[in-house]
Amino acid sequence: MNKEDLALLNEEQRQAVMHEGSPLLILAGAGSGKTRVITTKIAYLISEKNVKPWKILAVTFTKKAANEMKERAIKLDERASATQIKTFHSFGAWFLRKNAGIAKIEPNFTVYDDDDMSTLIQKAMPKLTKARANHFAHLISIAKDYCYQPDDVELDAIDDDPEFRIVYQNYQNRLRETGNVDFGDLIMLPYLILKNNEEIRHEIHKMFTVVMVDEYQDSNVAQFLLLRELCGVNENSGNYVCVVGDDDQSIYKFRGAEVENILNFEKEFPGTTVIRLEKNYRSTAEILQTADDVVSNNENRLGKKLVAERGNGNKPVIAFLKNQDEEAAECVNLIKKTISMGAKYSDWAILYRTNAQSLTFETYFMQNKIPYQVVGSLKFYEREEVKDLLAYISILANPRDEIAFRRIVNKPARGIGGTTQDKIIENARESIMFEAESESVSMAKNYVDSCRELSETFTKKAREGAQKFYGTMDELKAALESGATKSSDNLSSLIRDIIEKSGLKEYYESEDEISGTQKVANMNELMNSAIPFRCSNEGLLEFLDHIQLDNTDADDESGAESKKDKVTLITFHNTKGLEFKRVIMTGMEHGVFPKTDKAGEELEEERRLCYVGITRARNSLYMTSCASRRMYGRTDFMDMSPFLREIDPEHVKIICSKGQEQRKRQLMRNVHGKNGLSNPPFIGTDPIAREYHRGVQIYHDDYGYGEITNGRMTDEGEYKIDVRFQNGKTMSFLPKYSKHSLEIIGD
């Protein structure tokens with residue numbers, strides 16, 4: 001690392017890099033160069049503070065982020081190649097393989113995803129419907145995000161249904177029989193081992209004297225608990241902990257992320273130093289001012305104000321439009337105009353709250369020959385043919401993988417139906433339960449051997465199918481063992497054998513021919529991705545970890561395809577970590593963004609999501625709001641998003657299509673920071689106000705269908721509402737005296 005590397009940093013970044021001693025919280029605002037800071041800090045510790053690189057553990061949340069962090073740290077100091085830079089889940093997998101015996105799992109375990117969990121629950125409790133199994137799988141994942149076990153009293157906070165505990169316990173028992181883990185285990189089990197095993201805890205404290213966490217605002221409770229054990233904060237281990245994050249960008253509550261982790265960091269890690277990175281290198285001053293107008297309305301935040309290093313630009317634009325067709329047409333016009341002036345399609349991103357909103361844009365873009373990509377569609381590793389191929393690989397790694405076994409034993413069809421599969425599984429389970437009494441689970445009979453043992457009792461078709469299956473597995477196992485003796489062999493040769501010998505190639509070739517799909521090509525792509533891995537048991541496990549733990553990054557438009565010149569259609573959530581020259585935030589209506597049922601902490605997270613969307617824009621920002629929108633099979637009249645009301649109208653340019661001037665006037669009345677939620681659904685104590693609040697759909701004999709857009713108390717103490725009707729008129733009523741003509745049809 002050179003002195004010039006430090007000289008490139010601003011004062012706050014340099015303070016963060018050179019800080020030592022006390023726990024450090026780096027509050028890194030959007031576009032403030034946090035990755036540069038954390039990678040420079042790694043290089044600084046190695047080169048200037050003589051910290052052994054292998055004693056540094058840096059964790060983040062995606063494989064992409066971890067790879068970028070490692071590459072940039074190595075550029076600063078080659079010795080950083082020995083630093084442990086991992087995702088939380090890959091660290092958990094590494095730890096569990098190292099301590100598999102204590103965790104009572106197989107060291108060659110595979111990781112079950114949500115679908116696998118649901119399937120295993122159904123096998124453990126056959127009377128459950130698929131829907132109920134999915135429901136309980138989701139609850140179990142939440143429970144593990146809090147490190148709750150089946151017998152914990154706190155489990156009732158997740159769901160107090162007595163059946164939940166029973167399902168959770170039965171699922172755990174069945175999961176342990178397979179020797180495998182699920183994603184929640186990758187965090188919960190290491191935490192429990194460290195908490196309850198002093199020897200291993202001290203060993204880890206000696207192994208990693210520096211622990212760093214990126215994107216800390218995305219951590220869940222289990223990850224916080226694991227971090228605390230890793231750092232030895234309760235034992236005064238002397239280890240150094242540094243976390244980097246932005247409380248204003250905590251938007252993954254639905255995945256278990258807990259914003260309180262970053263808000264309470266100073267409390268949980270005594271003596272913490274807080275350094276704020278507020279210089280923004282991405283957006284113009286006007287865009288950042290708009291972002292601050294919105295997010296400053298959140299009460300639950302540590303607080304910071306971004307300063308634009310790029311200076312001033314154009315004001316963001318709020319466009320009030322008639323409906324979603326006009327919205328899509330406006331987007332087309334904006335894009336075409338800039339293209340004619342030399343811009344690229346890839347400069348543009350269309351943001352929306354839900355995936356369903358993309359359809360209108362896709363239709364208009366196709367009609368106008370505008371190239372586009374939809375980010376967040378079906379993930380590569382979620383495709384049927386890829387999951388089939390991975391199941392064969394998984395069963396080679398762990399022949400007791402029940403989910404993988406059930407997926408492939410009769411695919412392609414071999415006459416081994418569900419009843420026969422159950423017999424094979426139960427035969428193996430009897431062996432597992434017997435061996436478990438002597439705590440020798442690894443010696444138990446696996447499902448391939450059980451299939452071999454019972455095959456003579458099957459019908460002729462099933463017997464022949466079983467013989468073909470276990471014969472294929474024997475060949476593949478031999479190929480794996482043979483490859484391990486040849487240093488020149490990589491794992492792709494084994495996957496090629498699986499594709500050919502399993503019958504999957506022939507099976508999917510016929511499907512490709514009929515349906516015009518690319519399933520064989522997708523299997524070949526998986527084969528290509530295995531080239532960097534050795535053809536050995538160790539290489540096989542590395543490959544499975546590589547794709548199982550972090551496939552949330554690998555969407556349909558990854559790789560070279562995404563680098564083409566296309567407009568990006570993307571949800572607000574998927575934009576995290578990205579930036580675009582020109583951004584259009586669409587659907588800025590109450591009921592779409594945010595939903596009408598959002599309040600309290602949920603509304604604050606929606607506001608943070610809005611902030612994330614705004615701060616993706618580098619040069620130009622547009623926000624569109626429609627007066628009506630087709631939703632749920634009907635056309636609804638929409639009020640503007642409360643987030644738009646929170647923006648000082650002097651900070652933006654407001655435009656509107658014909659007939660939408662009134663909405664512009666409404667926004668102009670919000671001068672000087674009038675809170676966007678100063679016009680919430682009026683509740684209070686008045687029973688009429690509770691019944692006729694904003695957002696309620698009504699029918700009036702004279703004016704037809706409409707929606708209440710405002711509710712307030714008059715100076716005379718009467719409750720008054722404004723109703724916008726489908727004919728375009730807005731009328732005011734006193735419900736106390738007009739209830740007979742105001743029929744409520746929806747809320």
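Values below: all heavy atoms of this structure, side chains included; hydrogens, waters and symmetry mates excluded.
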Once the angle between the rings of F254 and H573 is folded into 0 to 90°, is it parallel (under 30°), tilted (30 to 60°) or perpendicular (over 60°)? perpendicular
Indicate yes or no: at least one non-hydrogen side-chain atom of V448 is less than 4.5 angstrom from one of C451. no
Quick check against the 3.5 Å criterion: does K55 have a side-chain atom that pairs as donor or acceptor with the backbone of K206? yes
On a heavy-atom basis, which atom in I187 and which in F88 lie closest, and how many Å separate them? CD1-O, 3.8 Å
Looking only at side chains, do E362 and Y372 share a donor and an acceptor under 3.5 Å apart? yes
Say you draw a straight line from CZ of R406 to CD of Q421; how long is it, rounded to the nearest 0.5 Å? 5.5 Å
What are the two closest non-hydrogen atoms of H205 and E229, and how far apart are they? NE2-O, 2.7 Å
Before you tell me yes or no, could you show the steps for V210 and L57 under side-chain contact (heavy atoms from CB on, under 4.5 Å), namely the whole-Å CA-CA distance, both residues' side-chain angles and the distance that decides it to 0.1 Å? CA-CA 6 Å; V210 175; L57 172 64; over 6 Å; no
Decide side-chain contact (heavy atoms from CB on, under 4.5 Å) for V59 and T87; before the verdict, give the C-alpha distance in whole Å, the side-chain angles of both, and the deciding distance to 0.1 Å. CA-CA 5 Å; V59 293; T87 66; over 6 Å; no
Side chain proximity check, F533 to L540, heavy atoms < 4.5 angstrom: no
Indicate the ring-plane relationship of Y148 and Y146, choosing parallel, tilted or perpendicular according to the 30° and 60° boundaries. parallel
If only atom types and distance count, is the side chain of Q169 paired as donor or acceptor with the main-chain N or O of I166 below 3.5 Å? no
Got a second to check how far I393's CD1 is from L541's CG, nearest 0.5 Å? 11.5 Å
Under 4.0 Å between a side-chain nitrogen and a carboxylate oxygen: does that hold for K387 and D113? yes
Derivation and outcome, salt bridge (charged side-chain N to carboxylate O under 4.0 Å, His left out), residues R97 and E542: CA-CA 11 Å; R97 294 201 193 284; E542 286 178 18; over 6 Å; no
I'd like to know whether CG of D114 has more than 12 heavy-atom contacts from other residues, nucleotides or ligands below 6.0 angstrom. no
Do you see a donor-acceptor pair shorter than 3.5 Å between the side chains of E71 and N67? no
Any donor and acceptor pair, going by atom type alone, linking the side chain of T129 with main-chain N or O of R132 inside 3.5 Å? yes
Keeping N410 on the side-chain end and G415 on the backbone end, is there a donor-acceptor pair under 3.5 Å? yes
On the six-membered ring of F469, is R414 placed so that its NZ or CZ lies under 6.0 angstrom from the centre and within 45° of the ring axis? no
Between S90 (side chain) and K86 (backbone), is there a donor-acceptor pair under 3.5 Å? no
Give me the atom names and distance for the closest heavy-atom approach of A66 to T60. N-CG2, 3.6 Å
Do K144 and Q172 have a side chain donor and acceptor closer than 3.5 Å? yes
Just wondering, do T571 and V375 contact through their side chains at under 4.5 Å, heavy atoms? no
Taking atom NZ as the centre, does K477 end up with more than 12 heavy-atom neighbours from other residues, nucleotides or ligands that are less than 6.0 angstrom away? no
Counting N and O atoms only, with roles assigned by atom type, does the side chain of D152 sit under 3.5 Å from a partner on the main chain of L155, one being a donor and the other an acceptor? no
Correct closest heavy-atom pair for P150 and R165 would be O-NH1, 2.7 Å
Are any of the side-chain heavy atoms of K195 and L225 separated by less than 4.5 Å? no
Should W54 and F208 count as side-chain neighbours, where that means a heavy-atom distance under 4.5 Å? no
Distance col, row E258:CD vs Y216:OH, nearest 0.5 angstrom, shows 10.5 Å
Do side-chain atoms of K52 reach the backbone of T83 as a donor and acceptor pair under 3.5 angstrom? no
Is there side-chain contact between D185 and R176, with heavy atoms separated by less than 4.5 Å? yes
Distance-only side-chain donor-acceptor flag, T568 / Q373, under 3.5 Å: yes
Just wondering, do I424 and F458 contact through their side chains at under 4.5 Å, heavy atoms? yes
Should we count CD of E506 as having more than 12 external heavy atoms under 6.0 Å? no
Do the side-chain N and O atoms of N355 and S358 include a donor-acceptor pair separated by under 3.5 angstrom? no
Between I495 and A530, what is the shortest heavy-atom contact and its length? CD1-CB, 3.5 Å
Are the side chain of R534 and the backbone of G539 linked by a donor-acceptor contact shorter than 3.5 Å? no
Could you tell me the separation between the CD1 atom of I102 and the CG atom of L189, rounded to the nearest 0.5 Å? 11.5 Å
Criterion side chain to side chain contact (heavy atoms under 4.5 Å, CB included) against F109, the qualifying member of L175, D401, L544, L186: L186
Can you confirm whether E511 sits close enough to E385 that some side-chain heavy atom of one is under 4.5 Å from a side-chain heavy atom of the other? no
Do N239 and T209 have side-chain atoms, one donor and one acceptor, less than 3.5 Å apart? no
Do other residues, nucleotides or ligands put more than 12 heavy atoms under 6.0 Å from the CD atom of E509? yes
R407 and E384 ion-paired at < 4.0 Å: no
Taking atom NZ of K461 as the centre, report whether more than 12 heavy atoms of other residues, nucleotides or ligands fall under 6.0 Å from it. no
Would you compute the distance between atom OG1 of T110 and atom CG of D116 and round it to the nearest 0.5 angstrom? 8.0 Å
Side-chain ion pair, E402 and R174, N-O less than 4.0 Å: yes
Any sub-3.5 Å donor-acceptor pair from D77's side-chain atoms to I74's backbone N or O? no
H138 NE2: over 12 foreign heavy atoms closer than 6.0 Å: no
Step by step, would you call D474 with R452 a salt bridge (charged side-chain N to carboxylate O under 4.0 Å, His left out)? CA-CA 11 Å; D474 289 345; R452 189 194 320 271; 2.8 Å; yes
Looking at every non-hydrogen atom in both residues, tell me the closest pair between C535 and L494 and how far apart they are. SG-CB, 4.1 Å
Between F61 and H89, is the ring centre distance below 6.0 Å? no
I'd like to know if the side chain of S450 reaches the main chain of N446, judged simply by a donor and an acceptor atom lying under 3.5 Å from each other, with no hydrogens or angles considered. no
Salt bridge (charged side-chain N to carboxylate O under 4.0 Å, His left out) with D388: of K411, K519, K505, only one passes, and it is K411
Check whether the side chains of Q518 and D512 place a donor and an acceptor atom closer than 3.5 Å, and report yes or no. no
Side chains of N134 and S118: do they bring a donor and an acceptor to under 3.5 Å? yes
Would you kindly say whether N180 and N398 are connected by a side-chain donor-acceptor distance under 3.5 Å? yes
Taking atom types as modelled, is there a side-chain donor on Y252 or D218 under 3.5 Å from an acceptor on the other? no
